[in-house]
Amino acid sequence: MAPSNPLANWDKLGDSFYRRVSVYDAIFDEDVELENYLVTGAPYGGAIALYRDESKPVRFRDTQTSRSSIDIYSCSGKPINRIHWEQSSLRGIGWSDKEELLVVTEDGTVRRYFGLDGEFTSFSLGNGAEEYGVRACQFWASGLVALLSNNQLIAVSKYDEPRPKLLAPCPEGEVSSWSLIPPAHTLSRSVEVLLAVDKTVYLVDSTEAEDKILQDGPFKHVSVSPSGRFVALLTGEGKLWVVSNDFQNKFSEYDSKSRVPPSSVNWCGDDAVILAWEDEIHLVGPNGSASKYYYDGRVHVIPEFDGVRLVTNDTCEFLHKVTDVTEEIFRLGSSSPASILLDSVEQLEKKSPKADENIQRIRSSLPSAVDTCIKAAGYEFDSYWQKRLLKAASFGKSVLELYNSDDFVEMTEKLRVLAAARDYKVGLPGSYEQYLRLTPEGLIERLINRHEYLLAIRVSEYLQIPADRIYVHWASQKVKVSAVDDEAVCKLIVQRLDGKPGISFEVIAQAAYDEGRSHLATQLLNHEPRAGKQVPLLLNMEEDELALDKAIESGDDDLVNYVLLHLKSKLPLASFFRMINTRPMASALVETAARDGDMELLKDLFYQDDRPIEGSNVLLSEALQEPDLQRRTEKLHLAARLLSDSKDATVVLHQKLISEASQLLKTQESLDKDLADGPEYLGLSLNETIYRLIRAGYGKRAHKVQGEFKIPEKTYWWLRLRALVAKRDWGELEDLAKAKKSPIGWEPFYNEILGAGNTKLASMFVPKCTNLPVADRIEMWVKCGMIVKAAEEAHKAKDVNTLETLQTRASGPAVSEIERMINQLRPRK
Amino acid sequence: MDADHVRDKARRDLLGLLEGVRGKKNLVISQDLAGPVGLFIKFSVLQEYGVDRVFLLENANIDSSQRHVVFLVRGEKAQHVGIVAEQIKRLRNSSNVEHEFSIFFAPRRTLVSNAVMEEAGITGDVNVAEFPLYFMPLEQDVLSLELNDAFSDLYLHKDPGCIFLAAKALMEIQQRHGYFPRIVGKGDNARRLADMLLRMRKELDAEESSGLAGPSSRGLLPSADTENLIIIDRDVDFGTPLLTQLTYEGLIDEYVGIKHNQADVDTSIVGQAPQSQESSKAPQPPKPGLKRKIQLDASDQLFSQLRDTNFAIVGDILNKVARRLETEYESRHTAKTTGELREFVNRLPTYQLEHQSLRIHTNLAEEIMRLTRSETFRKLLEVQQNDAAGADPTYQHETIEELIARDVPIKNVLRLLCLESCMSGGLRPRDLENFKRQVIQAYGHQHLLTFWALEKMELLQPRSSATTMLLPTTSGAHAGTKTNYGYLRKNLRLVIEEVSEKDPNDISYVYSGFAPLSVRLVQCVLQKPYMLSLIKGGSPAASMNAASTASPGWLGFEDVVKSARGSTFSVVQKGDDKAVRARQTLSGSHATKTVYVFFLGGITFTEIAALRFIAAQEAPRRKIVICTTGIISGDRIMEAAVEKDSFAPAE
């Protein structure tokens with residue numbers, strides 16, 4: 001085939017060129033009357049949805065056509081799917097950049113069809129959509145805005161977890177047209193809407209509606225450029241204005257001279273606007289320059305960020321601005337280095353010496369010429385010119401000594417992939433720029449959606465991208481459509497996917513389960529290596545026990561808790577307990593969760609499990625939290641009674657101590673009644689009770705309590721000592737000192753009293769500490785400031801050295817006293 | 001460095017999330033995250049990212065001053081999520097501001113929190129995001145999950161949630177450095193953690209190249225710069241943390257408490273925080289009861305010098321530093337040339353900083369000194385040391401009874417009882433009953449629950465006939481259900497009486513003569529020749545220089561280690577041999593290899609000190625990174641058990 005002229009279909013518009021590339025021809029059958037359809041296309045050369053325009057009269061032919069449906073085609077006109085539509089009236093139809101079809105009905109229901117298979121999820125817009133009705137919808141890559149008939153706007157910014165949000169209330173009035181600015185291009189980072197009401201335009205975001213104060217409305221069309229920097233407005237008189245996004249500057253004006261307003265106004269890239277009528281298109285560039293195209297039939301405009309797709313019955317064209325690199329090479333009379341480089345390839349083929357001459361001429365700028373050729377190859381749709389340009393680049397870089405070939409290699413790879421995707425059988429005519437935005441993963445996703453598994457796998461292998469999703473999708477599809485028995489399907493799938501990394505059998509099993517083949521689902525699930533992944537499906541399949549085991553196996557406590565939550569609400573309590581009591585982790589988690597609020601469940605659990613002490617402990621905790629004494633005692637009784645059957649020694653003690661607790665409360669209650677104005681003793685520990693009684697001077701009562709609760713003598717003495725010291729009751733302590741023996745010895749008395757600062761009384765106890773070594777006692781005397789006494793002690797022990805040390809610390813008469821003692825001990829000379 | 005990476009990542013993640021909420025916002029944070037967040041981000045930075053005010057979730061005082069409200073809570077805590085839901089609903093009903101709510105779940109969004117939000121009916125109205133916060137950097141060599149409840153969860157409630165989080169955190173390290181070539185460990189929960197790591201690796205392999213795993217994890221190999229991961233389960237060695245820590249940092253933790261590298265010290269001890277000079281003209285007398293936050297980390301040079309030393313020599317060091325500072329400061333008089341003077345002035349800020357820190361630590365050390373000189377401290381320590389040394393515990397009972405009668409804090413008493421139980425395989429039932437009665441009479445009957453919890457944690461048990469002779473010395477058929485300190489004391493030389501506190505030659509300096517069993521176990525893996533010579537009775541210092549031979553895992557100590565509780569394991573993680581070799585030739589063999597030591601259930605500051613002591617010996621061949629679920633102390637262990645309610649009427 002003769003090479004097409006690279007300049008074919010170039011149109012000059014102002015300073016730049018635009019070109020129409022015919023991508024496919026013979027798209028729709030003759031009987032598809034495009035003029036009667038609404039046509040929307042997914043971004044990046046994605047699928048096209050056709051829906052019969054309800055405003056057009058329908059020629060009655062047969063039931064087939066009268067039934068409304070949404071037809072999905074590829075760009076090359078290949079039917080992909082037909083979605084029957086019998087729901088209420090449709091108000092918006094659009095695509096997300098993941099090629100999900102969104103359909104909005106008048107009552108505010110949004111259906112999201114994913115995977116082109118007709119599977120969908122739906123949600124409601126709420127916020128009054130039902131009462132007022134949706135009037136129209138606009139879409140961007142990941143969200144939509146709906147306009148209600150009361151001028152309210154509802155935005156949904158993501159579909160995974162849709163949260164319809166009301167935008168700021170708008171002024172009353174007739175909305176003549178509107179457009180949205182995607183979040184990526186707004187200052188607020190959330191979607192904003194331009195609403196043409198009456199004579200002016202409002203900018204509406206989530207907090208306010210700002211009047212842009214224009215006088216020339218009503219505007220028939222409002223359209224925001226792909227970069228969000230410019231706005232195109234079409235006035236009632238058919239004039240097109242391009243203004244800055246803040247409405248401060250007007251850049252150009254164009255008069256369409258048409259009384260009939262165009263059916264659509266779209267941007268073609270960021271520099272030109274397209275006005276489309278039935279079969280006529282005006283491409284308006286900067287400064288009002290324009291070119292016009294005429295078609296035989298109805299033409300539909302599908303905007304992309306770098307151009308527009310034009311779809312008619314016969315062709316699918318891509319109209320876009322000629323890029324600088326392309327222009328640099330192909331423009332008539334171009335003498336740029338890249339252009340010369342391309343030319344020299346031709347010379348080379350002719351074996352003309354001019355080839356070398358050319359190269360020498362552009363030698364200095366050769367690297368950039370090579371780069372330009374590589375880039376330009378990306379923007380060509382015709383493989384002939386792609387090859388020529390790459391050949392030129394290849395030739396150029398062979399001359400260069402040092403050149404990084406990564407870009408070259410990458411470009412060849414990308415072009416190969418693009419070529420495969422653009423094939424009419426596949427019908428994904430994305431431009432190079434679009435492919436970059438779509439990403440290879442995105443392309444593979446689209447191939448999967450079209451069930452082009454083989455191609456998808458080839459591409460993923462070629463680009464070294466994980467292929468697991470492709471296999472999983474294939475297997476899921478297999479599960480859905482294959483009619484053979486479960487064993488055979490399972491075997492086929494497992495065989496085919498054997499050794500492939502990353503296969504999520506859980507997804508395949510889910511597909512099988514959704515198809516109603518639960519046996520197959522169970523079988524497939526066994527091949528899932530990640531225990532955690534199996535759980536939700538197993539729960540769905542009511543394989544409760546298995547789900548619980550798998551959750552435990554995964555070690556993820558959250559998953560286990562989730563299963564338990566599910567089971568608890570579903571099963572009778574007894575069988576729930578039965579299920580968990582053989583699984584320690586499960587019952588531990590149930591216990592922990594119950595402690596945070598479900599005490600009754602805890603009691604039931606311990607009762608069922610025959611764990612009386614723990615059951616009794618629950619009651620004890622409840623008693624602790626119970627402010628009312630009466631009920632607190634009751635709880636304690638209950639707690640004790642739970643343990644009354646046991647003969648086990650620890651349990652018996654436990655029970656005794658619980659009973660003791662209520663007995664103590666009773667005693668303290670009467671103490672409070674007899675001795676105090678308010679609750680002073682209630683709730684204290686036994687030791688504390690005694691301590692306070694003694695400190696308050698109720699020694700007898702304290703003694704009685706000691707007897708009643710069998711407090712050990714030692715403890716009691718300690719309490720008495722501490723309480724009396726705290727009370728500074730020196731007299732009582734002195735009385736104590738008269739006793740012969742103390743169960744805790746006398747040293748504590750000395751220490752505590754000394755610590756309280758009463759050296760005189762403390763010293764009384766020193767002689768009683770007979771069991772201590774002499775040195776300690778000496779130290780004790782010294783601490784009381786009684787050096788002489790200390791010296792006497794040393795004297796008794798005949799310790800001259802110590803006496804001498806003591807002498808140095810003494811003063812006044814003590815010095816001579818000690819001197820005397822030393823002399824006594826010194827052998828007389 | 002892992003710590004830097006972890007810190008940067010956490011900061012980046014949080015700021016990224018905050019940036020996602022446009023404009024000013026109020027931040028509501030749960031108590032258990034507020035402290036940890038301070039470890040990697042300052043409030044002033046949060047303000048730069050639009051945070052107007054910070055509220056504590058538990059205070060329930062969030063108001064409508066900002067339209068945007070961000071909640072930061074742990075996704076694992078269903079209870080907290082419930083509180084969040086309540087506050088959202090309350091705020092929505094009470095205020096006429098149209099609020100925008102966001103919830104950030106750390107470290108992950110859970111199914112259970114989803115269910116809670118669903119039930120509360122707020123799912124559709126809040127933005128939910130995950131804040132993958134696992135390890136937090138306490139120091140360059142310490143990574144902590146900062147899970148306060150890890151100990152009680154693991155040993156009291158038997159809830160293995162923190163093991164899962166630990167595994168996730170370690171997987172992050174593996175994804176950065178490659179797989180741990182070997183996982184060595186001791187204890188049943190440690191085994192679970194290792195198994196979970198192996199399982200996660202398998203799952204990651206399965207997920208590899210599927211879109212779920214990031215490109216970084218693809219083709220993960222055993223790490224070239226990591227030697228191994230050593231996991232020690234806390235319940236292998238309950239005894240050590242029950243002892244009073246005797247390093248400087250350890251004692252601060254015991255007496256003041258260190259949380260997330262900060263200690264709240266009474267201003268009567270350390271004085272008030274230096275304030276800007278305009279605000280306080282006259283120095284105010286310190287008010288009692290006021291607390292001042294003292295930052296305790298490596299940013300304080302003096303503290304780094306002091307933290308891991310035995311408290312006995314802290315005074316010496318402080319004196320020396322004080323003298324040095326003084327001479328330096330005096331040097332200003334001798335400065336003659338302007339150059340010398342300028343140099344002095346340049347040093348002035350550092351000098352002032354040092355001086356400040358010196359004052360703080362001198363005051364702190366004095367306060368601690370006062371406490372350690374008290375009679376009760378001496379008695380406590382005496383009982384502990386006797387128990388640790390293996391003396392007949394019944395001789396200590398009288399002292400313990402006296403301490404009870406004197407009403408020392410209950411945690412101290414319980415620590416002694418638990419220590420005895422751990423060290424000698426339980427108390428005689430009669431003794432236990434007796435103590436139970438006394439403790440309950442002294443501290444209140446609510447402690448019936450405390451005892452129950454301690455028994456459930458196996459911290460305090462009666463010595464049953466089965467466990468009296470719990471000495472599965474070499475029988476080995478079944479792994480010991482209890483750690484046999486009696487046997488290990490001898491065979492791992494836990495007690496070294498002649499250890500020098502000033503110039504230590506063995507880790508036992510951290511407890512003045514008792515080596516933490518947990519760290520001895522680490523030594524069995526890392527310092528085999530040293531351990532062997534130690535056991536043979538050689539002088540500890542002699543063999544230090546012998547290069548550690550490459551016998552991996554527990555090799556050589558299998559039998560001894562069996563006497564400690566729980567399973568013993570050593571797993572090799574192999575990779576594709578060819579790839580490993582190829583990479584080795586590419587990158588050469590690394591000089592320094594990293595050893596990760598993970599203390600599951602918590603680690604004490606003394607153990608960190610001991611591990612740092614080993615690390616210093618092993619440098620530069622090895623670097624030790626200490627990982628843990630959180631910092632623990634004897635008191636914190638007791639807190640897990642001690643019943644907080646009492647019969648006394650609420651104030």
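Lettering of chains follows the sequences in order, A, B, ..., and the numbering in each one begins at 1. Just so you know, these numbers come straight off a predicted model, no measurement behind them.
The contact between B:Asp407 and chain A is made by backbone and side chain atoms together, counting heavy-atom distances below 4.5 Å. In this structure, chain B has a heavy atom under 4.5 Å from the side chain of A:Leu664, while its backbone stays farther away. A:Leu624 touches chain B through backbone and side chain together, each having a heavy atom under 4.5 Å away. Residue contact with chain B, scored on non-hydrogen atoms closer than 4.5 Å, involves the side chain of A:Leu636 exclusively. Using a 4.5 Å cut-off between heavy atoms, A:Glu660 contacts chain B through both its backbone and its side chain. Both the backbone and the side chain of B:Arg406 come within contact range of chain A, with heavy atoms under 4.5 Å apart. Heavy atoms of B:Glu643 lying under 4.5 Å from chain A belong exclusively to its side chain. For a residue to count as touching a neighbouring chain, one of its non-hydrogen atoms must lie under 4.5 Å from one of that chain's; by this rule A:Glu553 touches chain B with backbone and side chain alike. Using a 4.5 Å cut-off between heavy atoms, B:Glu98 does not touch chain A at all. For a residue to count as touching a neighbouring chain, one of its non-hydrogen atoms must lie under 4.5 Å from one of that chain's; by this rule B:Gln441 touches chain A with backbone and side chain alike. Only the side chain of A:Leu665 comes within contact range of chain B, with heavy atoms under 4.5 Å apart. With a 4.5 Å cut-off on non-hydrogen atoms, B:Ala78 does not touch chain A at all. Residue contact with chain B, scored on non-hydrogen atoms closer than 4.5 Å, is absent for A:Pro748. When heavy atoms are compared at a cutoff of 4.5 Å, B:Asn127 approaches chain A by way of both its backbone and its side chain.
Applying the 6.0 Å contact sphere to CZ of B:Phe101 captures more than 12 heavy atoms from other residues, nucleotides or ligands. More than 12 heavy atoms of other residues, nucleotides or ligands lie within 6.0 Å of CD in B:Glu375, so this atom counts as buried by the packing criterion. Remark: B:Lys644 NZ is packed, more than 12 non-hydrogen atoms of other residues, nucleotides or ligands lying under 6.0 Å away. Around atom CD of B:Glu119, no more than 12 heavy atoms belonging to other residues, nucleotides or ligands sit under 6.0 Å away.
In terms of heavy-atom pairs under 4.5 angstrom with chain B, the leader among A:Ala593, A:Ser587, A:Gly555 is A:Gly555. For the options A:Leu559, A:Leu686, A:Asn751, heavy-atom pairs under 4.5 Å to chain B are most numerous at A:Leu686. Per-residue counts of heavy-atom pairs under 4.5 Å with chain A were compared for B:Met196, B:Gln446, B:Gln79, B:Arg199; the largest is that of B:Arg199. Across B:Arg192, B:Lys456, B:Glu433, the residue that shares the most heavy-atom pairs under 4.5 angstrom with chain A is B:Glu433.
Within the 4.5 Å cutoff, the side chain of B:Leu448 has heavy atoms near those of the A:Ile658 side chain. Inter-residue side-chain proximity for A:Lys165 and B:Glu100 is flagged as met; some heavy-atom pair is nearer than 4.5 Å. Proximity of B:Arg108 to A:Asp556: side-chain heavy atoms (C-beta onward) are separated by under 4.5 Å at one or more points. In this structure, A:Gln663 and B:His445 have side chains that are not in contact, with every pair of non-hydrogen atoms separated by 4.5 Å or more. Within the 4.5 Å cutoff, side-chain heavy atoms of A:Leu653 are placed close to those of B:Arg437. A 4.5 Å side-chain heavy-atom check between B:Asp645 and A:Gln625 finds at least one atom pair inside the cut-off.
With hydrogens and angles disregarded, a donor-acceptor distance shorter than 3.5 Å links the side chain of A:Arg632 to the backbone of B:Phe647. Not one N or O on the side chain of A:Thr715 forms a donor-acceptor pair closer than 3.5 Å with the backbone of B:Ala405. Put simply, the side chain of A:Asp558 gets close to the backbone of B:Val112: a donor and an acceptor are under 3.5 Å apart.
Residues B:Gly444 and A:Ser685 share a closest heavy-atom pair of N-CB, 3.2 Å. The nearest pair of heavy atoms linking A:Leu565 to B:Ala115 is CD2-CB, 3.7 Å. Across every non-hydrogen atom of A:Ser621 and B:Leu449, the tightest pair is OG-CD1, 3.8 Å.
Note that NE2 of A:His654 is 11.0 Å distant from CZ of B:Phe451, once rounded to the nearest 0.5 Å. Interatomic distance, CD1 of B:Ile404 versus CG of A:Asn687, reported as 9.0 Å (0.5 Å rounding). Rounded to the nearest 0.5 angstrom, B:Asp159 CG and A:Arg595 CZ are separated by 11.5 Å.
No salt bridge links A:Glu591 with B:Lys158; every basic N to acidic carboxylate O contact stays at or beyond 4.0 Å. Salt bridge A:Lys533/B:Glu203: absent, no basic N to carboxylate O contact under 4.0 Å.
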